[in-house]
Visitor: 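Pasting in a structure now, in structure tokens, and then I'll have a few things to ask.
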Amino acid sequence: MKNLHIMTHPLITHKVSMLRNIDTGTKDFREIVEELATLLFYEATRDVPLEETSIDTPNGTFPCKVSSVKFGIVPILRAGIGMVNGIHNMMPNAKVGHIGFYRDEKTLEAVEYFCKLPLDVKELDVFLIDPMLATGGTAIGAVDLLKKRGVKNIKFLCLISCPEGFENLQKVHPDVEVYTTSHDEYLNKAGYIIPGLGDAGDRMFGTK
Ligand code: URA
């Protein structure tokens with residue numbers, strides 16, 4: 001599937017299985033989410049352009065390559081927060097924005113309630129992060145907001161995706177590539193991904 005990058009490395013699959021396990025507690029859950037976020041980011045930055053320059057080393061001046069791309073990390077509240085450090089540790093100069101949505105109980109539409117983005121967000125390559133790509137509603141809303149602010153390059157990083165969410169996102173934003181550690185079977189009527197891992201926010205923050 002164009003634009004869907006599924007990480008199939010055995011260590012990643014092993015860690016996703018640990019997340020799915022109902023007996024994995026909040027501390028381990030949070031740590032694994034961070035580790036997987038780092039690995040997703042590593043994969044999603046494979047195509048970052050490099051520029052030729054030179055650098056002074058202890059052995060003299062040598063040609064080398066560096067990246068001057070400016071990165072933005074934008075978690076979708078609240079569960080996206082659990083993925084931030086795993087990426088920020090790899091790229092400490094990245095700027096971090098936050099976008100919050102709630103689901104309207106009548107219409108079931110995603111409604112924005114918070115948006116704080118870096119002032120220069122349109123110059124950043126943005127990694128939009130949320131552990132679960134379920135209906136796709138919040139992902140679509142968040143990409144809408146970023147595009148309205150002039151962002152051109154957006155990649156969506158999640159831990160678990162499903163066909164419904166991916167297809168909905170692609171219908172509206174076919175330019176957004178999705179990186180996931182597992183593309184699961186389906187979305188149930190309650191909006192949970194099956195088999196999934198339950199409510200990512202609750203498992204991360206111990207709210208249930
Ligand atoms: N959000 C979650 O936390 N889990 C799901 O399965 C779907 C959406």
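As the structure lists them, so they are numbered: ligands from 1, and atoms in each ligand from 1. Keep in mind it's a predicted model, so treat the numbers as computed, not measured. The analysis underlying the following values was restricted to heavy atoms, covering all of them including side chains, and did not include hydrogens, waters or symmetry mates.
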Visitor: Between Ala134 and ligand 1, which residue portion shows a heavy-atom distance shorter than 4.0 Å: side chain, backbone, both, or neither?
Guide: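 Within the 4.0 Å criterion, Ala134 contacts ligand 1 through side-chain atoms alone.
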
Visitor: Could you give the distance from CG (Leu197) to CE (Met204), rounded to the nearest 0.5 Å?
Guide: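 Atom-to-atom, Leu197:CG and Met204:CE are 8.5 Å apart.
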
Visitor: I'd like the name of whichever of Ala200, Cys162, Gly191, Gly198 reaches closest to atom 7 (C) of ligand 1 through any heavy atom.
Guide: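 Of the listed residues, Gly191 has the closest heavy atom.
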
Visitor: Distance check, rounded to the nearest 0.5 Å: Asn168 atom CG versus Leu133 atom CG?
Guide: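 It is 8.5 Å, given to the nearest 0.5 Å.
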
Visitor: For the residue pair Ser182 and Asp184, confirm or rule out a side-chain donor-acceptor distance under 3.5 Å.
Guide: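 A donor-acceptor contact under 3.5 Å links the two side chains.
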
Visitor: Give the intermediate values and the outcome of side-chain contact (heavy atoms from CB on, under 4.5 Å) for residues Ile154 and Lys147.
Guide: CA-CA 9 Å; Ile154 304 168; Lys147 286 187 176 174; 4.0 Å; yes

Visitor: Can you pull out the closest protein heavy atom to atom 2 (C) of ligand 1? Residue, atom name and distance to 0.1 Å, please.
Guide: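 The answer is Met132 CG, 3.4 Å.
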
Visitor: Do Asp28 and Arg203 sit within salt-bridge range, that is, some charged N less than 4.0 Å from a carboxylate O?
Guide: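 Answer for the salt bridge query: no.
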
Visitor: Using a plain distance cutoff, I'd like to know if Ile193 has any nitrogen or oxygen under 3.5 Å from a nitrogen or oxygen of ligand 1.
Guide: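 Yes, since at least one N or O of Ile193 sits under 3.5 Å from an N or O of ligand 1.
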
Visitor: Does Gly196 come within less than 4.0 angstrom of ligand 1, counting non-hydrogen atoms of the residue?
Guide: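 Outside the 4.0 Å threshold, so no.
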
Visitor: Under a heavy-atom criterion of less than 4.0 Å, does Pro131 contact ligand 1?
Guide: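 No; Pro131 lies far enough from ligand 1 that no heavy-atom distance drops under 4.0 Å.
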
